[in-house]
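Just so you know, these numbers use all the heavy atoms, side chains as well, and skip hydrogens, waters and symmetry mates. The chain is numbered in sequence order, starting from 1.
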Amino acid sequence: MSPDHPPGLDLDRLRGLLDRERPGLVVGPLSGRLIEGGRSNLTYAVSDGTGSWVVRRPPLGHVLATAHDMKREHRVISALHPTDVPVPRPVLLCEDEEVLGAPFYVMEFVEGTPYRTAEQLAPLGPERTRAAVLNLVDTLVGLHAVDPAEVGLGDFGRPEGFLDRQLRRWAKQLDASRNRDLAGIDELHATLGRELPRSPSPTVVHGDYRLDNVLIGGENDEIRAILDWEMSTLGDPLTDLGLLVMYSSPLGMPDSPVSTTAQAPGHPAPAELIERYAARSGRDVSAVAWYTAFAWFKLAVILEGIHYRYTLGQTVGRGFDRIGDLVPVFIEHGLTTLQKG
């Protein structure tokens, strides 16, 4: 297919759907391109030369396992769009697989930059970098302040036993990809289980909240949109904070295929992010070490899964050959975080 007709995106069928469901929205021929960087669902930018939109759909060949994700993502951004939480304006959800071969949804295109590495942040300079990361915390506080019931998300998840289920889920994922000894991983999992904290009142949880899942733009580097809601649910808000803290901590591995933004000049230290979240949310964050250690464990499991698929020849590409070396580093960070408290 040509760049304007990427796999998984039939522009003629999409145009027909939009003309039927949103007449007058599209005024010219559609072109589309795949937006690189997605980890699971596919994201396309679509334009008619005047307006621009984004299409989100499951990976090619996957329908049933991820069909729910499309409806879920569309539901949460539709619920949050009228609030102060920055999300793209939803356009429509299509569950008819005859159109693109899988369920998908369309939302507005938001201009902005997802900063994935310290190197990408560096041109902003220390002051702008610091402000952007602190704004990331403030935006998370805003998300967690939304009353789920008031926006129609009261049944969006099962918050009771949330942390216990999360631990069991990721342990099961680990067992599914075990093909080598990983020193400390069972100790980390067992310690997390013994020291399970008591969750605060449930909120909408993003599930993968970090700098490269938001779009930053404008003169004041504001957060213009939070993206990638496929892991969102109702649950413990401090899991979002723990993940953000983890991604703001130095890995200590130069040229790592998985990087954090912590080394960017001006990037606030994890302690400052925690303090700001606590002050602005009013939540008790005394157990934040547990949530951060859980984030290290979760990412270790995810990376081990990638490494496992790589050893089977199912994952190819730059950097995958070094993913396996990262897993022990994440395990060690998790154990150290728990020990330090």
Side-chain angles (χ1 to χ4, degrees), residues 9 18 22 25 32-48 50-58 69-94 104-117 120-121 123-124 128-146 148 151-153 156 203-233 237 240-241 243-244 247-248 261 273 277 280:
L9 183 67
L18 291 173
R22 299 291 184 271
L25 179 69
R33 62 180 175 86
L34 180 68
I35 298 176
E36 301 293 340
R39 289 163 180 78
S40 53
N41 292 321
L42 299 176
T43 306
Y44 307 88
V46 175
S47 176
D48 64 355
T50 301
S52 297
W53 306 273
V54 168
V55 175
R56 286 270 285 174
R57 60 153 291 162
D69 290 347
M70 296 298 95
K71 188 173 182 179
R72 190 172 193 82
E73 283 194 47
H74 182 265
R75 181 183 175 188
V76 73
I77 67 169
S78 297
L80 293 174
H81 186 255
T83 74
D84 291 334
V85 178
V87 294
R89 179 179 60 84
V91 175
L92 62 78
L93 169 71
C94 177
F104 66 94
Y105 71 93
V106 182
M107 59 185 171
E108 70 172 336
F109 181 88
V110 178
E111 290 284 354
T113 301
Y115 291 96
R116 294 186 170 90
T117 66
Q120 290 173 342
L121 274 175
L124 294 183
R128 289 175 63 190
T129 293
R130 172 178 167 77
V133 177
L134 292 179
N135 195 19
L136 189 66
V137 177
D138 297 345
T139 303
L140 183 63
V141 171
L143 169 63
H144 292 165
V146 172
V151 296
L153 295 175
F156 194 56
T203 70
V204 176
V205 172
H206 181 274
D208 198 15
Y209 192 78
R210 49 203 167 97
L211 200 58
D212 65 332
N213 273 340
V214 303
L215 295 176
I216 294 176
E219 293 183 2
N220 298 317
D221 298 319
E222 69 264 19
I223 293 180
R224 308 188 101 175
I226 306 173
L227 307 176
D228 291 355
W229 291 89
E230 61 199 86
M231 299 180 73
S232 60
T233 188
D240 276 344
L241 178 63
L243 192 71
L244 180 58
Y247 275 112
S248 300
T261 57
L273 304 184
Y277 180 89
R280 301 210 166 196

With [X] via salt bridge (Lys or Arg N to Asp or Glu O under 4.0 Å) - residues at least two apart:
X      : result
Asp48  : none
Glu222 : Arg224
Arg128 : Asp221

Please list, chain by chain and in numerical order, all residues satisfying side-chain contact (heavy atoms from CB on, under 4.5 Å) with Ala225, sequence neighbours excluded.
->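 Scan of Ala225 (side-chain contact (heavy atoms from CB on, under 4.5 Å), adjacent residues dropped) gives Pro88, Val110, Leu215, Leu227.
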Qualifying residues under side-chain contact (heavy atoms from CB on, under 4.5 Å), relative to Pro86, sequence neighbours excluded =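 Testing Pro86 for side-chain contact (heavy atoms from CB on, under 4.5 Å), a comparison that skips the adjacent residues, returns Thr139, Ile223, Ile226.
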[X]: side chain to side chain donor-acceptor pair (under 3.5 Å) partners, not counting sequence neighbours:
X      : answer
Thr261 : His267
Asn135 : none
Arg22  : none
Tyr44  : none

Polar side chain donor-acceptor pair, Thr233 to Arg72, under 3.5 angstrom |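 Their side chains do contain a donor-acceptor pair, which is all the 3.5 Å distance test asks for.
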Could you go through residues 75-85 and list every donor-acceptor pair under 3.5 Å that involves a side-chain atom there, pairing it with any protein atom two or more places apart or in another chain?
unit_1: Arg75; atom_1: NH2; unit_2: Gly152; atom_2: O; d: 2.9
unit_1: Arg75; atom_1: NH2; unit_2: Asp155; atom_2: OD1; d: 2.4
unit_1: Ser78; atom_1: OG; unit_2: His74; atom_2: O; d: 2.7
unit_1: Thr83; atom_1: OG1; unit_2: Leu80; atom_2: O; d: 2.6
unit_1: Thr83; atom_1: OG1; unit_2: Val85; atom_2: N; d: 3.1

Roughly how far, to the nearest 0.5 Å, is [atom2] of [Y] from [atom1] of [X]?
X      : Y      : atom1 : atom2 : value
Leu244 : Asn213 : CG    : CG    : 11.0 Å
Met231 : Glu73  : CE    : CD    : 11.5 Å
Thr129 : Tyr115 : OG1   : OH    : 8.0 Å

Side chain of [X], backbone of [Y]: donor and acceptor closer than 3.5 Å?
X      : Y      : answer
Asp240 : Gly207 : yes
Asp208 : Asp228 : no
Glu108 : Arg89  : yes
Tyr209 : Leu136 : yes

Could you tell me whether the side chain of [Y] reaches within less than 4.5 Å of the side chain of [X], counting heavy atoms only?
X      : Y      : result
Leu211 : Ile216 : yes
Arg280 : Val137 : no
Trp53  : Leu18  : no

Residues two or more places apart in sequence or in another chain: which of them pass ring-ring contact (aromatic ring centres under 6.0 Å, His included) with Phe109?
->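 If we apply the ring-ring contact (aromatic ring centres under 6.0 Å, His included) test to Phe109, skipping adjacent residues, there are no hits.
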Apply ring-ring contact (aromatic ring centres under 6.0 Å, His included) to Tyr277 and list each qualifying residue two or more places apart in sequence or on a separate chain.
->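 Listed in chain order: His144.
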Between [X] and [Y], which heavy-atom pair has the shortest distance, and what is it?
X      : Y      : answer
Arg57  : Met70  : CA-SD, 3.5 Å
Arg56  : Thr43  : NH1-OG1, 2.9 Å
Arg116 : Asp212 : CG-CB, 3.3 Å

